[in-house]
S.K.: 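One structure follows; several queries about it will come next.
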Amino acid sequence: MIKEIIHAHITEVIDKLKLKREREYSVEIPNNTEHGDFSTNCAMILAKDNKKAPKSLAEALIKELKKSKNYKKVELAGPGFINFYLSPSFYQRVFSEIRATGAEYATSDFGKGERVLLEFVSANPTGPLNIVSARAAAFGDTLYRVMRRVGFDPAREFYINDAGNQVDILAESLELRLREIQGDRIGEFPYEAYHGEYVKHLAHKLNATDGIRVFMMTEKDRMERLKDFALSELLEMQRNSLERFDVYFDGWVSEKTLRAEGVVEEVLSYLTEADCTYEKEEAIWFASSKYGDDKDRVLMKSDGSITYFVPDLAYHLTKIQRGFDTLIDIFGPDHHGYVPRIRAAFRAMGYDDEMLEIIYLQQVNLFESGERVKMSKRAGKIVTMDDLVSEVGKDAARYFFIARKANAHLNFDLELALKQNNENPVYYCQYAHARICSIIKKARKDKVWPRSFKKDLVKKLTKPEELAIIQRLADLPELLELIAEYREPHRLATYLEELSAIIHRYYARYQIVSAKSKELSLARLMLLDTTKTVMGIVFDLMGISAPEKM
RNA sequence: GCGCCAGUAGCUCAGUAGGAUAGAGCAGCAGCCUUCUAAGCUGCGGGUCAGGGGUUCGAAUCCCUUCUGGCGUGCCA
C-alpha cells in the first residue's frame, strides 16, 4: 500500500524529468533501519539506459521527490540507493484509509476472477488421513482463502481413488477381519493387507448390521458390499477429520464415477486420435516420451485393465472442460515422477500444459525422542491427522503446517508439538491478539472506550512503534497478492509473527488505557482496534482462532 | 545410473523473486511483574549461507560443478 504510493510517485518524477524507464526497479523496506523506512534502487537500475552515473541521477530524482510532504527526509546512500524517511502524517493518512476499509481491508480484484481449481489431499480412501494429508489440507485451504480474498475465483476439490487395486485389497482385508470376528481361523494376516486397527473397527460395525449374511452372498456381491461399505465409512471418516481441521471442499470427485461415465474411453480415444498410442507386449502404451517424459507409459495393461494414470488424466480433462483457467495440484513428494506424463498428455491432446501447476509438498518426518518415527499405512503404524489434532489442537497444527514453505521437508517433533507452551509460535501470535482484546476490555470497563473514534485522533500517533504498526498493517494487501501469485501461504505466518512482535513491544513500553492524556488513550485504542481487525483477518485466512483471552 | 526437491546460528525455520552490516523463534547467559495478561519485554553470545568456479556496480538468491540428504525412477496407486 505505502510501497505502491511511493513507487507511483517515483515513476511520476522520472517521467517529469523525461528519463527513460525501460527496466523495472523496486521499492523495498530495507533490512537495516538506518537505511530509512523505504528505499529504491531506481537510480542504479536506470543509470545505464540514461547514460548517467547512478549517484547524479539519484541527486536529480531526490530534488524532485523532496517536494512531497509524505517524506520527512529523502537521501542518497551507498552506491545510489534513495532512502525515504516517511513523515508521521503520511502514516496517519494511510492508517485512516485502513480503518475506513474495516473488515474489507486487503480484499482486491488482483486475481481478476481467474478460475482456479485447487486439488489437494486426495488421499486414498483406504485408511485414516495421515500427517502429510494434514499438511496438504492446511496448505491448500489457506491458499484457497487467500486467493479468494484477492479476487481469484478458486474452488477446492478432493479426488477419491475409489477404484483400483488398493480398494480390492481393502475389501479383502475387511473380509479377513470379519471372518476373524465370526470365529474363523484366518492364520497369519497377509503382509500386503491393511493392518490398521480401523479395519477391525469396520469389521465389527459391519458384523453388527450384516453379520453372517455377507458370507451367504456370491463372491462378487460380497466383494462389492465390502468395498462399498469400507469406502463410504472411510470417506466419511476422512471428511470428519477434515472438518475438524476446518477444511472443506467444493467438490468430491470419485474415480469410480468417472469410470462409469465413460471418460476413460474418452481419454483413450483422444490419445489415439492424437496418434500417440501404440501396442506392445499386449499392452497399450502412451508415447509420452515424445512429449517430454523420460519414457513411455502403459495405459492399458496386458490383462485389459487400465492404469491409475488414465482416470486421473480423465479427471484433469474434466477440470479443463469445466472451464477452469488454472489447475493447481498439491501433491506429496512421491508423485513428482508422475507429473511429466500428465504434462505430456496435456500437450498430446493439444492443451497448454502451462495451465497445470504442481505444488509439491515435501514429506513430514515425525520425530519422537529425537528418533525418526517410520510410518507405514499397510502395517497400520501411522500417526493420524486426528491424533495430531487431538493432541496439539487445530490451531497449533494448522499453524505448524502453514508456517513452512511447501518444498521444504518438515520435521515434526511430537514431543515438542505436545508442549503447549511458548515454544510454539502460534501462542505468541494469539497472545498478542488476546492482549489487545484485554486492553479493549479494560478500556470499556474504565469507560474510556468511546462511542466512535474521531478521525483526527490519528495525529496523536507519532511513536516509532505506532508508526511501525501502521506500516505492518499497510503491508498486508500487497502481501496477500504475493502469496496468491506465488502460492506461498507460509508468508502469512512470518507476517503474523512480525506484527505480533511489534504489538508485544508496544504493549510492554506504553500505557494505552491510562496514557498521559485521554486523547492519546483514544488514539492508541483506535490503533489497537484496527490492529485487532487486521489480525483477525490474518487468523481467519490461516484458519486459526483469534482468542479474546488466553 | 538418471530425474525432482532440499542443504542458512546448537535445534526448528524465515530471508520481500539480484540490494547495503544475513534475520526470527527455541535452547544458553544476564536483567524486568504495586500499573491494560510475564504464553510477555530488554540486553548478551552464537554464521566459511554445504564446497568450488562464474555472471555484475552488487549473489544466500541467477548459471555451471562437486559433495551430502530425501524422494522418485512398476503393466502400484
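Just so you know, these numbers use all the heavy atoms, side chains as well, and skip hydrogens, waters and symmetry mates. Bear in mind that the values here come from a model prediction, so they are computed numbers and not experimental data. Letters A, B, ... are given to chains in the order of the sequence lines, protein chains preceding strands, and every chain is numbered from 1.
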S.K.: Does D475(A) come within less than 4.0 Å of R491(A), counting only side-chain N to carboxylate O?
M.R.: no

S.K.: Would you say Y291(A) and D353(A) are linked by a side-chain donor-acceptor pair, where the criterion is simply a distance under 3.5 Å?
M.R.: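 Not at all, the side chains of D353(A) and Y291(A) share no donor-acceptor pair under 3.5 Å.
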
S.K.: Could you identify the nucleotide paired to C29(B), looking across every strand shown and requiring Watson-Crick or G-U wobble geometry with both distances under 3.5 Å?
M.R.: G43(B)

S.K.: Expressed as a whole number of Å, how far does the P atom of G54(B) sit from that of C13(B)?
M.R.: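 The same atom, P, in both gives a distance of 33 Å.
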
S.K.: Taking atom C1' in both G46(B) and C26(B), compute the distance separating them and give it to the nearest angstrom.
M.R.: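 14 Å, rounded to whole Å.
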
S.K.: With ring centroids as reference points, do H433(A) and F539(A) lie under 6.0 angstrom apart?
M.R.: yes

S.K.: Considering only heavy atoms, which members of residues 498-512 of chain A lie under 4.0 Å from some atom of RNA chain B?
M.R.: H504(A), R505(A), Y507(A), A508(A), R509(A), Y510(A), Q511(A), I512(A)

S.K.: Rounded to whole angstroms, how far apart are CD on E75(A) and P on A20(B)?
M.R.: 16 Å

S.K.: With a 4.0 Å limit, can you tell me whether Y427(A) has a side-chain N or O closer than that to the phosphate oxygens OP1/OP2 of A39(B)?
M.R.: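 Y427(A) to A39(B) OP1/OP2: no side-chain N or O under 4.0 Å.
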
S.K.: Looking at U34(B), which nucleotide sits across from it as a Watson-Crick or G-U wobble partner, both distances under 3.5 angstrom, or is there none?
M.R.: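 Per the H-bond distance test, none.
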
S.K.: What's S39(A) touching, base or sugar-phosphate or nothing? Going by heavy atoms closer than 4.0 Å.
M.R.: base

S.K.: Taking a pair as Watson-Crick or G-U wobble with both distances under 3.5 Å, which nucleotide is matched to U55(B)?
M.R.: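 For U55(B), the partner nucleotide comes out as none, under the 3.5 Å rule.
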
S.K.: Any side-chain donor paired with an acceptor under 3.5 Å for Y85(A) and E75(A)?
M.R.: yes

S.K.: Respond yes when some side-chain nitrogen or oxygen of N407(A) is under 4.0 Å from OP1 or OP2 of A6(B), and no when none is.
M.R.: yes

S.K.: Expressed in angstrom and rounded to an integer, what is the separation of Q430(A) atom CD from G40(B) atom P?
M.R.: 12 Å

S.K.: Would you indicate which nucleotide in C57(B), A20(B), A24(B) comes nearest to any side-chain atom of E497(A)?
M.R.: A24(B)

S.K.: With centres under 5.5 Å and planes under 30° as the test, does H336(A) stack with G72(B)?
M.R.: no

S.K.: If we take the C1' atom in both U61(B) and U56(B), what is their distance in whole Å?
M.R.: 14 Å

S.K.: May I have the distance from Q363(A) (atom CD) to C4(B) (atom C1'), rounded to whole angstrom?
M.R.: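 Going from CD in Q363(A) over to C1' in C4(B) covers 13 Å.
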
S.K.: With both distances kept under 3.5 Å, what pairs with G1(B), Watson-Crick or G-U wobble?
M.R.: U73(B)

S.K.: May I have the distance from I82(A) (atom CD1) to G19(B) (atom P), rounded to whole angstrom?
M.R.: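 About 17 Å, once rounded to whole Å.
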
S.K.: Quick check on side-chain contact (heavy atoms from CB on, under 4.5 Å): which of L271(A), V264(A), I306(A), V267(A) does L299(A) satisfy it with?
M.R.: L271(A)

S.K.: Using a cut-off of under 3.5 Å, enumerate the N/O to N/O pairs linking the protein to nucleotides 73-77 of chain B.
M.R.:
unit_1: U73(B); atom_1: O3'; unit_2: K295(A); atom_2: NZ; d: 3.1
unit_1: U73(B); atom_1: O2'; unit_2: K295(A); atom_2: NZ; d: 3.2
unit_1: G74(B); atom_1: OP2; unit_2: K295(A); atom_2: NZ; d: 2.0
unit_1: C75(B); atom_1: O2; unit_2: S302(A); atom_2: N; d: 2.9
unit_1: C75(B); atom_1: O2; unit_2: S302(A); atom_2: OG; d: 2.9
unit_1: C75(B); atom_1: N3; unit_2: S302(A); atom_2: OG; d: 3.3
unit_1: C75(B); atom_1: N4; unit_2: E281(A); atom_2: O; d: 3.1
unit_1: C75(B); atom_1: N4; unit_2: E281(A); atom_2: OE1; d: 3.4
unit_1: C76(B); atom_1: OP2; unit_2: K301(A); atom_2: NZ; d: 3.4
unit_1: A77(B); atom_1: OP1; unit_2: K301(A); atom_2: NZ; d: 3.2
unit_1: A77(B); atom_1: OP2; unit_2: Y308(A); atom_2: N; d: 3.3
unit_1: A77(B); atom_1: O3'; unit_2: Q166(A); atom_2: OE1; d: 2.9
unit_1: A77(B); atom_1: O3'; unit_2: Q166(A); atom_2: NE2; d: 3.1
unit_1: A77(B); atom_1: O2'; unit_2: N124(A); atom_2: OD1; d: 3.1
unit_1: A77(B); atom_1: O2'; unit_2: N124(A); atom_2: ND2; d: 3.1

S.K.: I'd like to check, for F81(A), whether its ring lies over the base of G19(B) with centroids under 5.5 Å apart and a plane angle smaller than 30°.
M.R.: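 Answer is no, no stack.
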
S.K.: Give me the distance, rounded to whole Å, that separates A9(B) from A24(B) when you measure between the P atoms they each carry.
M.R.: 14 Å

S.K.: How many Å lie between CG on N50(A) and P on C57(B), as a whole number?
M.R.: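 Distance, rounded to whole Å: 16 Å.
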
S.K.: For Y486(A) and A17(B), are the ring centres under 5.5 Å apart with planes inclined under 30°?
M.R.: yes

S.K.: Under the rule for ring pair (Phe, Tyr, Trp, His ring centres under 6.0 Å), what residues qualify as partners of Y315(A), not counting sequence neighbours?
M.R.: Y159(A)

S.K.: Mind checking the C1' distance from G15(B) to G25(B)? Whole angstroms is fine.
M.R.: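 Per the computed distance, 14 Å lies between those C1' atoms.
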
S.K.: Just wondering, do N165(A) and Y308(A) contact through their side chains at under 4.5 Å, heavy atoms?
M.R.: no

S.K.: Just do the side chain to side chain contact (heavy atoms under 4.5 Å, CB included) check on K442(A) and I512(A) with the steps written out, would you?
M.R.: CA-CA 10 Å; K442(A) 163 93 169 148; I512(A) 313 296; over 6 Å; no

S.K.: Check the interface with nucleotides 12-16 of chain B: list each N/O to N/O pair with the protein under 3.5 Å, or write none.
M.R.:
unit_1: U12(B); atom_1: O2'; unit_2: R404(A); atom_2: NH2; d: 2.5
unit_1: C13(B); atom_1: OP1; unit_2: H409(A); atom_2: O; d: 3.3
unit_1: C13(B); atom_1: OP1; unit_2: N411(A); atom_2: N; d: 2.8
unit_1: C13(B); atom_1: O5'; unit_2: R404(A); atom_2: NE; d: 3.3
unit_1: A14(B); atom_1: OP1; unit_2: K405(A); atom_2: N; d: 2.8
unit_1: A14(B); atom_1: O2'; unit_2: T494(A); atom_2: OG1; d: 3.3
unit_1: G15(B); atom_1: OP1; unit_2: H490(A); atom_2: NE2; d: 2.9
unit_1: U16(B); atom_1: O4; unit_2: I29(A); atom_2: O; d: 3.3
unit_1: U16(B); atom_1: O4; unit_2: N31(A); atom_2: OD1; d: 2.8

S.K.: With rounding to whole Å, what would you report as the distance between C57(B) and G10(B) at their P atoms?
M.R.: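 Result for the P pair: 35 Å, nearest Å.
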
S.K.: Remember a base hit wins even if backbone is also touched, and classify E34(A) as base, sugar-phosphate or nothing at under 4.0 Å, heavy atoms.
M.R.: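 Base: the residue E34(A), judged by heavy atoms under 4.0 Å, touches a nucleobase.
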
S.K.: Kindly write out the residues that satisfy salt bridge (charged side-chain N to carboxylate O under 4.0 Å, His left out) with R21(A), not counting sequence neighbours, or none if the list is empty.
M.R.: D15(A)

S.K.: Which nucleotide, if any, forms a Watson-Crick or G-U wobble pair with G23(B), using both distances under 3.5 Å?
M.R.: C13(B)

S.K.: Taking the P atom in each of G72(B) and A30(B), what is the distance between them to the nearest angstrom?
M.R.: 48 Å

S.K.: By the salt bridge (charged side-chain N to carboxylate O under 4.0 Å, His left out) test, which pairs, at least two apart or in different chains, include something from residues 300-319 of chain A?
M.R.: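 Listed once each, the pairs are E119(A)-K319(A), K319(A)-D329(A).
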
S.K.: Side chains of Q166(A) and N161(A): is there a donor and an acceptor less than 3.5 Å apart?
M.R.: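 Side-chain D/A pair, Q166(A) to N161(A): absent.
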
S.K.: Got a salt bridge between D296(A) and K290(A), using NZ or NE/NH1/NH2 to carboxylate O under 4.0 Å?
M.R.: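 Looking at K290(A) together with D296(A), the answer is no, because their closest N to O distance does not fall below 4.0 Å.
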
S.K.: Using whole Å, report how far OH of Y399(A) lies from C1' of A24(B).
M.R.: 10 Å

S.K.: Is there a Watson-Crick or G-U wobble partner for G7(B) with both distances under 3.5 Å, and which nucleotide is it?
M.R.: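 Across any shown strand, G7(B) pairs with C67(B).
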
S.K.: Tell me the interatomic distance from D293(A), atom CG, to C2(B), atom P, rounded to whole angstroms.
M.R.: 18 Å

S.K.: Would the Y506(A) and Y510(A) ring centres measure less than 6.0 Å apart?
M.R.: yes

S.K.: Work out how far the C1' atom of U8(B) is from that of C49(B), and round it to whole angstrom.
M.R.: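 About 4 Å, rounded to a whole number of Å.
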
S.K.: Please determine if a side-chain N or O atom of R435(A) lies less than 4.0 Å away from the OP1 or OP2 oxygen of A38(B).
M.R.: yes

S.K.: One pair to check against side-chain hydrogen bond (donor to acceptor under 3.5 Å, both in side chains): R472(A) and T531(A). What are the steps and the verdict?
M.R.: CA-CA 10 Å; R472(A) 294 311 287 145; T531(A) 305; over 6 Å; no

